[in-house]
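So that the names make sense, note that chain A is the first sequence line, chain B the second, and so on, each numbered from 1.
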There are 2 protein chains.
Amino acid sequence: MSPPTLHDVAREAGVSVATASRALNGSSRNVRSENVSRVRAAAAKLNYEPHLSAQAIAKGSTRTVALVVRDVADPYFSAIAAGVVQAAEAAGLIVTMAVADGSPERELEIVRTLRGQRPRVIIVTGSRIEGTGLRETLVEELAEYRTAGGRVVLISQRDLPFATVTVDNGGGAAALARALLGVGYRRFAVFHAAPEIRTSRERHEGFLAELAAAGAPEPLAVETGFTRTGGYEAARRLVERGFEDVEAVFAVNDVMAIGAMTALRDAGVLPGRDLGVAGFDDIDSAMDVRPALTSVAVPLREAGLSAMRLALSGDGSGDGSGEADVRLPAEVVLRESTPPRRPG
Amino acid sequence: MSPPTLHDVAREAGVSVATASRALNGSSRNVRSENVSRVRAAAAKLNYEPHLSAQAIAKGSTRTVALVVRDVADPYFSAIAAGVVQAAEAAGLIVTMAVADGSPERELEIVRTLRGQRPRVIIVTGSRIEGTGLRETLVEELAEYRTAGGRVVLISQRDLPFATVTVDNGGGAAALARALLGVGYRRFAVFHAAPEIRTSRERHEGFLAELAAAGAPEPLAVETGFTRTGGYEAARRLVERGFEDVEAVFAVNDVMAIGAMTALRDAGVLPGRDLGVAGFDDIDSAMDVRPALTSVAVPLREAGLSAMRLALSGDGSGDGSGEADVRLPAEVVLRESTPPRRPG
DNA sequence: TTGTAAGCGTTATCAT
DNA sequence: ATGATAACGCTTACAA
């Protein structure tokens with residue numbers, strides 16, 4: 001009826017629970033090999049699986065990694081999640097997932113209740129907390145968790161006192177600007193999200209900075225949602241307004257860019273030919289969309305792997321000192337959505 | 001240093017652990033309201049979070065849902081996962097994720113060790129187990145888990161004795177065939193995966209059946225991987241072989257279809273104009289790709305939600321009797337990748 | 001209404 | 001090398 005316990009295994013093998021326990025995990029060094037096999041056989045026979053919660057409470061630590069993402073279905077986060085899960089499984093750890101859904105309150109609430117899981121590691125990605133008082137609370141919460149021996153790794157911008165995996169948003173956007181200038185574009189529109197979204201802001205700013213440095217005119221800024229729909233809307237607005245003064249659109253992420261392309265086409269504007277379009281992230285569909293989307297490749301899965309690596313390497317933190325960082329390079333990929341263009 | 005325990009809270013509030021426990025969870029009815037607030041205050045002051053593992057072992061049950069998917073990064077599974085996570089969080093449950101990676105052995109291994117977590121629910125999606133002896137073992141494993149009070153829900157085909165959420169693959173494929181015949185296509189190539197992959201087989205068969213019923217010629221079958229690359233390869237092979245005798249390609253899933261479109265284009269063949277292309281799943285990018293991809297919409301997120309609903313409604317199972325099913329309708333969406341075509 | 005104490009399934013200490 | 005037995009943090013009879 002109910003699953004076999006270690007007691008059952010011990011009885012079956014004719015040894016004490018202590019011996020059974022020792023036989024089944026690491027400390028098997030000091031148990032007679034005959035008993036080891038006895039116990040193993042009994043465990044196999046009963047199809048015994050140790051109760052992880054019981055182990056956790058006895059050992060005082062779990063084998064759990066808690067991952068907080070903004071949205072599982074978003075290819076950006078699912079790629080990161082894939083990396084995290086891969087690395088975690090390789091290390092024999094279990095991954096739990098929580099979805100913050102873009103709400104700082106929810107994110108804070110999640111981190112709070114996460115502590116109840118007593119995970120070994122908490123990885124937070126796509127945090128939107130900025131400016132608000134919630135931010136300090138989040139930091140306190142995480143710091144407290146860390147003090148209790150947990151590892152914290154953020155995948156976002158390095159602006160919180162925790163080990164962080166960042167993608168070089170500013171640098172990538174600057175490189176993109178440079179590349180686009182290089183193929184003849186000078187007048188841009190930027191589809192960006194609310195400035196509280198760090199990622200959006202950094203990409204936006206990196207892009208602006210490079211344009212300014214090159215003496216190009218300041219681009220038209222269109223604020224919208226950080227989603228496919230956001231991109232679609234922004235493009236619709238741009239078309240309505242008229243876009244004679246812009247040669248290309250830079251959307252701060254690919255799903256926005258792809259939404260924008262669809263909107264353009266719906267409005268009879270041919271992306272690539274009538275208006276250049278570039279995105280950021282280089283998600284899979286960037287290369288399947290037509291025209292293929294110019295983007296900035298970000299090693300998302302690698303980010304997840306790095307986060308786990310960071311967490312397990314002992315730099316996840318410990319006692320405040322030594323928050324290691326990993327900065328992942330972002331690489332421009334020019335495609336047909338921004339064909340070379342002769343100035344004028 | 002280490003997190004506060006219920007003892008700490010009790011001491012802080014000046015009551016016994018029992019009272020503290022009662023005050024903090026359900027049975028608070030029989031504790032003086034003054035003490036309830038005392039305890040609540042103490043808990044808040046200490047920032048107490050109950051140790052979930054300890055609760056689990058004391059209560060004999062967890063609040064965990066274990067989700068097994070083939071690949072987190074695949075939009076098909078991440079959409080399902082999103083539904084599962086959403087429903088689980090709404091019910092106050094924690095979701096753990098494991099990735100089977102397309103390997104039946106791995107899947108079995110996962111389910112086995114999952115039992116250690118003692119999850120309330122196990123949801124398996126994208127199972128590939130077929131034919132092999134592993135299948136029976138999997139069933140036994142899950143049945144045993146169910147006997148111990150766990151709920152099992154499968155998201156796949158209804159061929160295992162557990163509650164199942166299915167998408168109507170056969171019916172959807174048949175409807176697609178009908179629709180394509182309706183707009184003038186008669187000669188097809190089908191890009192399908194190995195027959196062990198149920199989903200692929202069902203879609204393939206549904207498509208064939210409908211063609212046969214309509215007296216259309218038997219399509220060319222091209223076996224390949226169930227992935228984007230698989231689709232790409234198959235299309236490449238098709239082009240090499242020559243495709244004068246085919247008017248449209250049906251790839252058994254969208255990522256394959258999208259890969260195929262890219263391959264066609266790479267070979268100078270224009271999808272939609274030179275060769276119709278249709279997929280299955282209607283993932284987000286199906287409508288962003290050009291030409292927009294004809295597909296069969298499957299309510300993936302809904303599948304995740306339904307699975308949780310099934311699990312929580314008590315039909316997850318219990319004692320063998322009453323395995324409820326949910327069959328999700330699949331709906332044809334004709335787009336530009338299969339423009340109407342005049343016969344001949 | 002409250003407290004004492006006996007579990008829950010492990011691991012770890014300490015004798016033997 | 002092995003077996004009692006005390007933790008681990010919590011819930012829940014059972015008493016008071």
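Under a 4.0 Å N-O distance rule, the pair Arg112(A)/Glu49(B) does not qualify as a salt bridge. A salt bridge between Arg309(B) and Glu302(B) is present, with a side-chain N of the basic residue lying under 4.0 Å from a carboxylate O of the acidic one.
Summarising the geometry, the separation between NE2 on His7(B) and P on dC8(D) is reported as 9 Å, rounded to the nearest angstrom. In this structure, CG of Asn25(B) is placed 18 Å from P of dG9(D), rounded to the nearest angstrom. Rounded to whole Å, the distance from CZ on Arg11(A) to C1' on dT2(D) is 18 Å. To the nearest angstrom, C1' of dG3(D) lies 7 Å from CZ of Arg22(A). Rounded to an integer number of Å, the gap from CZ of Arg115(B) to C1' of dG9(C) is 15 Å. One can place NE2 of His51(A) at 12 Å from P of dT11(C), the figure rounded to the nearest angstrom. Rounded to whole Å, atom P of dT16(C) lies 19 Å from atom CG of Asn30(A). Atom CG of Asp8(B) and atom C1' of dG9(D) are 10 Å apart (whole Å).
Considering only side-chain atoms of Ser16(B), the nucleotide from dT10(C), dT4(C), dT11(C) that sits closest is dT4(C).
In terms of position along DNA chain D, the nucleotide closest to Ile57(B) lies nearer the 5' end than the nucleotide closest to the other residue of the pair Ala18(B) and Ile57(B). Each of Thr19(B) and Pro50(A) lies near DNA chain C, and the nucleotide nearest Thr19(B) is the one positioned closer to the 5' end.
The phosphate of dC10(D) has neither OP1 nor OP2 within less than 4.0 Å of any side-chain N or O from Gln55(B). Close to dT2(D), at under 4.0 Å from its OP1 or OP2, lies a side-chain N or O of Asn35(A).
For a distance-only test at 3.5 Å, the side chain of Arg118(A) fails to qualify as a donor-acceptor partner of the base of dG9(D).
Under the side-chain hydrogen bond (donor to acceptor under 3.5 Å, both in side chains) rule, Ser103(A) has a single partner from Glu107(A), Arg106(A), Glu105(A), which is Glu105(A). Under the side-chain contact (heavy atoms from CB on, under 4.5 Å) test applied with Leu310(A), the options Asp325(A), Leu154(A), Val152(A), Val153(A) reduce to a single match, Val153(A).
Atom CG of residue Leu138(A) and atom CZ of residue Phe162(A) lie 8.0 Å apart, to the nearest 0.5 angstrom.
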